[in-house]
Protein chains: 2
Amino acid sequence: MTIKEIAKLANVSLGTVDRVLHKRGKVSKETEKKVLDIIEKGNYKPNIYARGLVLNRSYKIAALVPNYNNGEYWEMPSKGIKMAEKNLSQFGINLSILYFDQNSVSSFTEKAEELLKLKPDGVILAPVINFEAVKLTKKLDEAKIPFSLIDSNIPNSNALSFIGQDAFQSGKLAAKLLCSEINSKGTISIISIKNNENHNKTLQQRIEGFKDYIYNSNFIANITLIEHNIHLGTANWEENLTQACAPTNNTVGIFVPSSMIHHVAKCIESNFDTMSTIKLVGNDLIANNVKYLKKGIINYLIGQRPENQGYLALESFYKYLVLEKQVPQKKYLPLDIITQENLMYYNDDVVSS
Amino acid sequence: MTIKEIAKLANVSLGTVDRVLHKRGKVSKETEKKVLDIIEKGNYKPNIYARGLVLNRSYKIAALVPNYNNGEYWEMPSKGIKMAEKNLSQFGINLSILYFDQNSVSSFTEKAEELLKLKPDGVILAPVINFEAVKLTKKLDEAKIPFSLIDSNIPNSNALSFIGQDAFQSGKLAAKLLCSEINSKGTISIISIKNNENHNKTLQQRIEGFKDYIYNSNFIANITLIEHNIHLGTANWEENLTQACAPTNNTVGIFVPSSMIHHVAKCIESNFDTMSTIKLVGNDLIANNVKYLKKGIINYLIGQRPENQGYLALESFYKYLVLEKQVPQKKYLPLDIITQENLMYYNDDVVSS
DNA sequence: TTGTAGGCGTTATCAT
DNA sequence: ATGATAACGCCTACAA
């Protein structure tokens with residue numbers, strides 16, 4: 001069913017049908033009703049090709065995400081965003097990615113300024129520097145630019161959508177997996193490894209989830225929990241890490257709530273004679289972690305599909321702006337449990353390659 | 001960059017550019033080269049809206065999959081296929097689903113006939129009745145109708161794409177998970193529960209993978225493996241199942257290579273005093289299995305994203321026929337490890353809802 | 001071998 | 001309040 005057909009059936013012109021469809025007024029009640037009836041009965045759906053052709057709209061989406069070196073976590077969301085752009089550019093979605101330095105607030109504010117100057121039609125934001133991100137969302141609200149959040153959420157923001165993970169639950173899952181590997185009494189060490197001083201809500205929530213599981217399980221009778229903080233690059237951080245890996249001589253497990261568990265794995269590898277029985281659970285399928293998972297030093301990794309997060313974020317703008325569909329306001333991606341035996345099919349698990 | 005622009009730059013007409021683009025010949029080498037150069041440099045991409053509008057093609061895709069009752073495995077691939085149709089119908093993809101009875105060869109051949117009469121532009125096939133499916137693929141080849149396979153593969157067929165799982169690896173993973181839960185010597189029972197007599201290659205491969213893991217691990221010293229076959233609905237099948245659940249009085253684990261592990265779980269629940277310590281690992285996130293996973297009677301389920309399989313199968317035809325892109329010839333979906341702690345975010349894990 | 005014109009369905013503008 | 005018409009970019013048929 002086309003507009004032409006509707007017009008013929010209603011004995012009116014294309015223009016009139018168009019005015020009805022787009023509620024532009026200047027149509028008598030009478031004819032409006034007649035046209036609407038026909039549209040209803042005929043189950044009219046606009047031809048998106050014709051629509052796309054004549055409107056010839058294109059949308060500028062700007063993404064503001066942390067920069068990265070090869071193999072680091074933030075490479076993956078970026079990869080997903082770029083892949084989505086490859087598929088969606090022909091539908092009028094144009095992307096600019098801006099990278100900021102997680103360790104530098106000024107870098108963030110600079111890039112945020114730059115982003116606003118672009119006057120984008122939509123923004124993808126990774127609010128890892130929480131306080132500054134909040135300021136940006138306020139400005140975006142004022143400018144009426146819709147934005148999506150990835151990785152972590154800003155509660156009570158009016159983001160178009162949030163795409164990320166449930167960090168608390170991720171921690172619980174980590175605890176469950178670690179406990180399933182441990183058969184004896186001993187100490188579990190929670191090591192937060194970070195490369196900056198920012199307060200990281202995700203890490204905190206994972207740790208809380210981890211403890212929640214332990215304290216509410218039977219394991220707590222046999223387990224002592226110890227927490228450590230390591231700042232990469234500070235003086236003696238490597239010695240401190242080695243200390244943290246085996247704080248007691250009956251350390252049975254280590255949990256690292258960031259993507260940095262490969263540092264622990266490396267440490268264990270170099271002290272293999274004394275540390276080989278320690279079980280390791282961490283997060284994220286980055287190359288360095290995968291290496292130690294394959295070697296059997298890391299027992300489980302928990303994945304949160306970061307590429308998908310990026311992909312879905314851009315795709316949701318396509319759906320919202322181009323297809324004018326509704327998009328889910330909140331999307332938690334599954335927490336994938338990765339081990340040697342199922343690793344191979346996650347490594348190339350990207351949406352619609 | 002448009003065809004018009006190319007034509008102007010090359011000092012030729014639209015028609016000539018078009019002939020070059022579509023290799024219709026009747027263009028002098030000279031002008032062809034000139035035009036191709038400009039296309040190359042300008043990175044010309046056809047406007048898909050204009051293209052879609054003028055071609056106004058629509059494609060009929062027919063899917064031939066097993067029928068199902070609510071909550072059964074085959075509901076999920078169908079769900080995925082239907083969801084894809086919802087998103088893709090406006091792009092000219094039309095779907096007909098035909099359902100056959102897995103227990104009836106004649107039902108399959110009938111529906112296969114019906115399918116061929118539809119003269120579809122593409123076929124999605126679940127080759128669970130392997131021998132008959134092969135015959136159908138031959139006919140499709142003759143009719144030059146491209147087909148995609150889901151769930152299980154037909155090696156050496158020239159399917160457009162296969163979308164499914166690595167069943168052998170799935171079995172290995174099941175063994176790994178089961179062993180991680182078991183801390184003492186004992187018997188592991190592999191119970192094949194089926195509702196038909198068909199030879200099921202997937203089950204067989206899962207069992208082989210399972211054994212492969214056990215026999216090549218340290219566990220084999222402590223584990224005795226026993227295999228059972230249960231046919232639902234045959235005389236005494238429930239007693240037989242109860243027998244199979246605890247073939248010895250030190251049964252420590254059970255693996256069910258089909259989606260039927262809920263029958264075992266139910267059996268264990270009714271004999272909880274004697275069987276509560278038995279660990280269970282099975283396949284597929286169907287409602288009945290999920291119920292027992294939540295109760296803690298099933299320890300792990302392995303998922304293979306059946307909705308995704310269906311979704312991707314239809315989407316691959318969209319990409320192939322509408323967008324004229326290449327599609328991957330083989331796609332193994334990840335083997336998801338599901339436990340109480342990460343279940344919630346898998347239950348609504350469907351692509352692009 | 002090359003060029004031209006008409007039309008796909010929708011939108012928006014201009015004339016009535 | 002309504003109708004006619006041009007334009008979007010591409011494809012095809014036909015004319016030169």
Side-chain angles (χ1 to χ4, degrees), chain A residues 1-40 42-59 88-94 321-325, chain B residues 1-40 42-59 88-94 321-325:
Chain A
M1 161 144 284
T2 69
I3 288 184
K4 206 189 232 173
E5 289 170 339
I6 296 170
K8 191 173 282 174
L9 286 170
N11 274 319
V12 294
S13 71
L14 300 182
T16 304
V17 177
D18 184 69
R19 276 183 286 268
V20 173
L21 279 169
H22 296 84
K23 295 173 189 164
R24 281 199 249 279
K26 306 192 177 178
V27 178
S28 71
K29 291 268 178 213
E30 212 176 2
T31 46
E32 181 173 16
K33 187 173 162 21
K34 193 164 55 175
V35 170
L36 281 175
D37 278 356
I38 293 169
I39 288 171
E40 183 83 12
N43 187 27
Y44 168 76
K45 292 260 173 59
N47 179 316
I48 57 160
Y49 292 117
R51 191 156 201 281
L53 180 59
V54 67
L55 291 178
N56 193 22
R57 286 189 193 144
S58 77
Y59 299 93
L88 299 174
S89 62
Q90 54 184 332
F91 296 101
I93 294 289
N94 297 118
L321 296 172
V322 180
L323 300 182
E324 297 182 348
K325 286 187 184 175
Chain B
M1 161 143 285
T2 70
I3 286 183
K4 207 190 231 172
E5 289 171 339
I6 297 170
K8 191 173 283 174
L9 286 171
N11 274 321
V12 294
S13 71
L14 299 180
T16 303
V17 177
D18 184 73
R19 276 182 286 269
V20 173
L21 279 169
H22 296 86
K23 295 173 189 164
R24 282 198 246 280
K26 306 192 176 177
V27 179
S28 71
K29 290 266 176 213
E30 211 176 4
T31 47
E32 181 172 15
K33 186 171 164 21
K34 191 163 56 174
V35 170
L36 281 175
D37 277 355
I38 293 169
I39 289 172
E40 183 83 13
N43 189 26
Y44 168 76
K45 292 260 175 58
N47 179 316
I48 58 159
Y49 292 118
R51 195 156 199 284
L53 180 59
V54 67
L55 292 178
N56 193 21
R57 284 185 193 148
S58 77
Y59 299 93
L88 299 175
S89 63
Q90 54 184 335
F91 297 101
I93 293 290
N94 297 117
L321 296 172
V322 179
L323 300 183
E324 297 184 346
K325 287 186 184 174

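Order of the sequence lines sets the chain letters (A, B, ...), proteins ahead of strands, with each chain counted from 1. Values below: every heavy atom of this structure, side chains too, minus hydrogens, waters and symmetry copies.
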J.: More than 12 heavy atoms of other residues, nucleotides or ligands under 6.0 Å from NZ of A/Lys325: yes or no?
T.: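 Yes - once you tally the heavy atoms of other residues, nucleotides and ligands closer than 6.0 Å, there are more than 12.
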
J.: In whole angstrom, what separates A/Lys26's NZ from D/dA4's P?
T.: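 From A/Lys26 NZ to D/dA4 P: 18 Å.
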
J.: Specify the separation, in whole Å, of atom NZ of B/Lys4 and atom C1' of D/dC8.
T.: 9 Å

J.: Taking all heavy atoms of A/Tyr49 and all of B/Phe91, pick out the closest pair and write down the distance.
T.: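 Minimum heavy-atom contact is OH-O, 3.4 Å.
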
J.: Any base atoms under 4.0 Å from A/Val54, or only sugar-phosphate, or nothing? Heavy atoms, all strands.
T.: base

J.: Please determine whether a side-chain nitrogen or oxygen atom of A/Arg19 lies at a distance below 4.0 Å from atom OP1 or OP2 of D/dT2.
T.: no

J.: In whole angstrom, give the distance that lies between atom NZ of B/Lys29 and atom C1' of C/dT2.
T.: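 B/Lys29 atom NZ is separated from C/dT2 atom C1' by 17 Å.
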
J.: What's the shortest heavy-atom distance between A/Glu32 and A/Val27, and which atoms?
T.: N-CG1, 3.8 Å

J.: Does B/Thr31 put a side-chain nitrogen or oxygen below 4.0 Å from OP1 or OP2 of C/dT1?
T.: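 Checking B/Thr31 against C/dT1: no side-chain N or O falls below 4.0 Å of OP1 or OP2.
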
J.: When you measure from the side chain of B/Leu55, which nucleotide among C/dT10, D/dC11, D/dT2 comes out closest?
T.: D/dC11

J.: Calculate the interatomic distance between B/Asn56 atom CG and D/dC8 atom P; express it in whole Å.
T.: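 Atom CG in B/Asn56 sits about 21 Å away from atom P in D/dC8.
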
J.: Which of the following nucleotides, C/dT11, C/dT10, C/dT2, is nearest to the side chain of B/Thr16?
T.: C/dT2

J.: Relative to the 5' end of DNA chain D, which residue comes earlier, A/Ser28 or B/Lys45, by the nucleotide with the nearest heavy atom?
T.: A/Ser28

J.: Which whole-number value in Å describes the distance from B/Asn47 CG to D/dA7 P?
T.: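 Nearest whole value for this atom pair: 18 Å.
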
J.: Under 4.0 angstrom, heavy atoms only, what part of the nucleic acid is B/Leu53 near: base, sugar-phosphate, or nothing?
T.: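 Base, at least one base heavy atom under 4.0 Å.
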
J.: State, yes or no, whether a side-chain contact exists between A/Ile6 and A/Met1 at a heavy-atom distance under 4.5 Å.
T.: yes

J.: Are side-chain heavy atoms of A/Thr2 and A/Asn47 found at a separation under 4.5 Å?
T.: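 SC-SC contact between A/Thr2 and A/Asn47 ruled out.
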
J.: To the nearest angstrom, how far is B/Arg57 atom CZ from D/dC10 atom P?
T.: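 Result: 15 Å.
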
J.: Is the phosphate of D/dC8 approached by B/Thr2 (side-chain N or O, under 4.0 Å from OP1 or OP2)?
T.: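 Looking at the OP1 and OP2 atoms of D/dC8, neither is under 4.0 Å from any side-chain N or O of B/Thr2.
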
J.: Between A/Asn11 and B/Leu14, name the one whose nearest nucleotide on DNA chain D is closer to the 5' end.
T.: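 Of the two residues, A/Asn11 wins.
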
J.: Indicate, with a heavy-atom threshold strictly under 4.0 Å, whether A/Arg24 touches base, sugar-phosphate, or nothing.
T.: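 Sugar-phosphate only.
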
J.: Measure the distance from OH on A/Tyr49 to P on C/dG7 and round it to the nearest whole Å.
T.: 23 Å

J.: Select base, sugar-phosphate, or nothing to describe what B/Asp18 touches, counting heavy atoms under 4.0 Å on all strands.
T.: base

J.: Could you give the CD1-to-C1' distance, from B/Ile39 to D/dC10, as a whole number of Å?
T.: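 Interatomic distance, CD1 of B/Ile39 to C1' of D/dC10: 13 Å.
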
